[in-house]
Amino acid sequence: MTDLFEFKAAKRNFALIGNPVSHSKSPVIHKAFALQCEKNIEYDLIQVDVGGFDQAVSHFSAHGGAGLNITAPFKVEAWQMCQREGNALTERGELAESINTLSFREDGSVLGDNTDGIGLVRDIEDNLGHTISGKRILLIGAGGASRGAIGPLLQASPSHLHIVNRTAQKATQLASHFQSRGEVSGGSLDSDTNTFDLIINATAAGLSGKLPGIDPQNVGANSAIYDMMYSNEPTTFMKWALDQGAAHAVDGLGMLVEQAAEAFRQWHDVAPDTSSVIASLRKQ
Ligand code: ATR
């Protein structure tokens with residue numbers, strides 16, 4: 001028999017599924033939130049081979065898992081899973097066609113959401129103090145990272161959002177997909193040579209130490225630079241943009257913490273404090 005004062009609510013299990021996942025900060029972030037909010041959780045990293053996504057999710061859910069974060073290369077497969085009969089998607093998840101958060105419901109169905117974009121917007125507006133409303137924004141990249149960001153960015157009412165990509169066609173297709181949501185256009189990396197108020201790098205170029213290849217004229221003295229990548233040192237793109245005269249440049253650590261906070265809020269119905277977690281990760 002358990003003594004009343006020793007009783008703790010049963011542990012709930014969460015995990016990140018992707019490939020690779022071993023360097024992820026998600027367990028540290030979710031455990032820090034759980035400590036703050038007095039939730040008893042486990043948060044694991046599960047590396048899954050390509051082709052094994054559906055089976056891994058079913059296995060996790062069948063063994064009592066409560067929720068999953070999804071990272072590359074499975075975000076589109078997660079969206080496809082949520083489209084199947086009986087499952088559900090949040091509006092922003094449906095629009096993004098890319099899912100990073102799954103919640104398992106009592107009836108056995110799955111709810112999919114994309115918290116990346118809202119995480120980005122909260123970091124830019126709440127943590128960094130920039131306003132998106134009325135600003136000209138350049139979004140570089142047209143892959144999964146970019147897809148998740150566009151809906152919430154447009155919801156914050158920029159005067160214009162221009163999406164550029166190495167493969168221009170993907171950027172124009174993305175822009176038409178989001179046409180009904182705001183002022184958005186797409187094109188090649190050099191398709192608009194004017195200055196932008198906010199430039200967001202959502203490409204994978206930095207993973208191999210490369211620059212995404214935008215026109216230097218896009219960067220002005222008042223431009224704020226946001227690189228979705230994060231690292232202990234300023235990223236290649238941040239350094240390049242500062243060399244072009246940009247006013248500010250930050251990496252994506254804040255977005256990482258904010259997207260996790262929004263997933264945590266859905267799973268536990270409580271909003272954790274993010275600033276202390278961002279500060280402690282920066283120190284590490
Ligand atoms: P993610 O899910 O991280 O967005 P992705 O879907 O593979 O990953 O997309 C990667 C993005 O980075 C794409 O926009 C890609 O451009 P292409 O669509 O032309 O492939 C972009 N990218 C990758 N390497 C790049 C490089 N060296 N220069 C410019 N863009 C690059």
Side-chain angles (χ1 to χ4, degrees), residues 16-26 47-48 50 53 68-81 92-93 95-102 112-121 123 137-153 161-178 184-193 196 199-216 218-219 225-231 235-241 244 251-253 255-256 258-260 263:
L16 172 71
I17 284 189
N19 192 342
V21 286
S22 61
H23 297 295
S24 167
K25 294 187 193 297
S26 291
Q47 178 158 318
V48 170
V50 171
F53 177 74
L68 281 170
N69 284 132
I70 310 298
T71 190
F74 300 119
K75 288 184 180 183
V76 174
E77 275 182 70
W79 168 69
Q80 286 162 345
M81 170 182 280
R92 63 190 177 207
L95 192 61
E97 300 183 352
S98 160
I99 291 303
N100 77 331
T101 304
L102 296 177
D113 190 14
N114 186 314
T115 67
D116 289 328
I118 191 68
L120 170 72
V121 168
D123 194 37
I137 303 182
L138 182 68
L139 179 64
I140 320 165
S146 183
R147 268 189 171 279
I150 299 168
L153 279 173
L161 175 66
H162 187 55
I163 309 164
V164 294
N165 195 43
R166 184 174 60 180
T167 314
Q169 197 196 5
K170 283 207 241 168
T172 48
Q173 278 167 355
L174 258 191
S176 0
H177 179 71
F178 285 91
V184 55
S185 56
S188 61
L189 290 169
D190 59 359
S191 54
D192 185 337
T193 54
F196 287 83
I199 303 176
I200 302 167
N201 180 23
T203 72
L207 292 176
S208 43
K210 293 191 182 128
L211 288 168
I214 56 163
D215 193 306
N218 292 148
V219 184
I225 307 300
Y226 196 102
D227 195 342
M228 285 195 194
M229 265 191 64
Y230 57 88
S231 91
T235 65
T236 312
F237 181 62
M238 284 166 65
K239 282 193 250 176
W240 175 82
Q244 309 308 308
D251 70 12
L253 184 71
M255 171 180 176
L256 177 76
E258 293 293 345
Q259 63 77 28

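None of these values were measured; they are calculated from a predicted model. All ligand and atom numbering here is 1-based and tracks the order in the structure.
- When the shell of 6.0 Å around CD of Q47 is examined, it contains more than 12 heavy atoms from other residues, nucleotides or ligands.
- Those atoms of ligand 1 with a heavy atom of A145 less than 4.0 angstrom away are 1 (P), 2 (O), 4 (O).
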Point to revise | Working for side-chain hydrogen bond (donor to acceptor under 3.5 Å, both in side chains), residues T235 and D227 | key: CA-CA 8 Å; T235 65; D227 195 342; 2.6 Å; yes
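- Listed by atom number, the atoms of ligand 1 under 4.0 Å from G141 heavy atoms are 14 (O).
- In N165, the part holding a heavy atom less than 4.0 Å from any atom of ligand 1 is the side chain.
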Practice item. Could you please spell out the steps behind the side-chain hydrogen bond (donor to acceptor under 3.5 Å, both in side chains) verdict for Y226 and D123? Key: CA-CA 10 Å; Y226 196 102; D123 194 37; 2.6 Å; yes
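- Among protein heavy atoms, atom 29 (C) of ligand 1 sits closest to P212 O, 3.4 Å.
- In terms of the ring-ring contact (aromatic ring centres under 6.0 Å, His included) criterion, residue partners of F53 (sequence neighbours excluded) are, by chain and number, F74.
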Practice item. Begin with the C-alpha distance, continue with both residues' side-chain angles, and end with the deciding distance and a verdict on side-chain hydrogen bond (donor to acceptor under 3.5 Å, both in side chains) for T115 and D113. Key: CA-CA 6 Å; T115 67; D113 190 14; 5.8 Å; no
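- Close approach of ligand 1 to K170 is summarised as follows: ligand atoms under 4.0 Å from at least one heavy atom of the residue are 17 (P), 18 (O), 20 (O).
- Residue K210 has no nitrogen or oxygen atom sitting less than 3.5 Å from a nitrogen or oxygen atom of ligand 1, judged on distance alone.
- Ranking the protein heavy atoms by distance from atom 19 (O) of ligand 1 puts T167 OG1, 2.5 Å first.
- With respect to atom 9 (O) of ligand 1, the closest heavy atom belonging to the protein is G143 CA, 3.5 Å.
- By the 6.0 Å contact criterion, NZ on K239 is enclosed, its count of non-hydrogen atoms from other residues, nucleotides or ligands being greater than 12.
- There is no side-chain donor-acceptor pair under 3.5 Å between T193 and D215.
- For ligand 1, one of its N or O atoms has an N or O atom of A142 under 3.5 Å away.
- The nearest heavy-atom contact from the protein to atom 21 (C) of ligand 1 is T203 CB, 3.7 Å.
- For atom 23 (C) of ligand 1, the nearest non-hydrogen atom of the protein is R166 NH2, 3.7 Å.
- With respect to D116 and K75, a salt bridge is recorded, a charged nitrogen being found less than 4.0 Å from a carboxylate O.
- Scanning all protein heavy atoms for the shortest distance to atom 8 (O) of ligand 1 gives G144 N, 4.4 Å.
- Residue contact annotation: A204 has a non-hydrogen atom under 4.0 Å from ligand 1.
- For the ring-ring contact (aromatic ring centres under 6.0 Å, His included) test, no residue two or more places apart in sequence or in another chain qualifies with W79.
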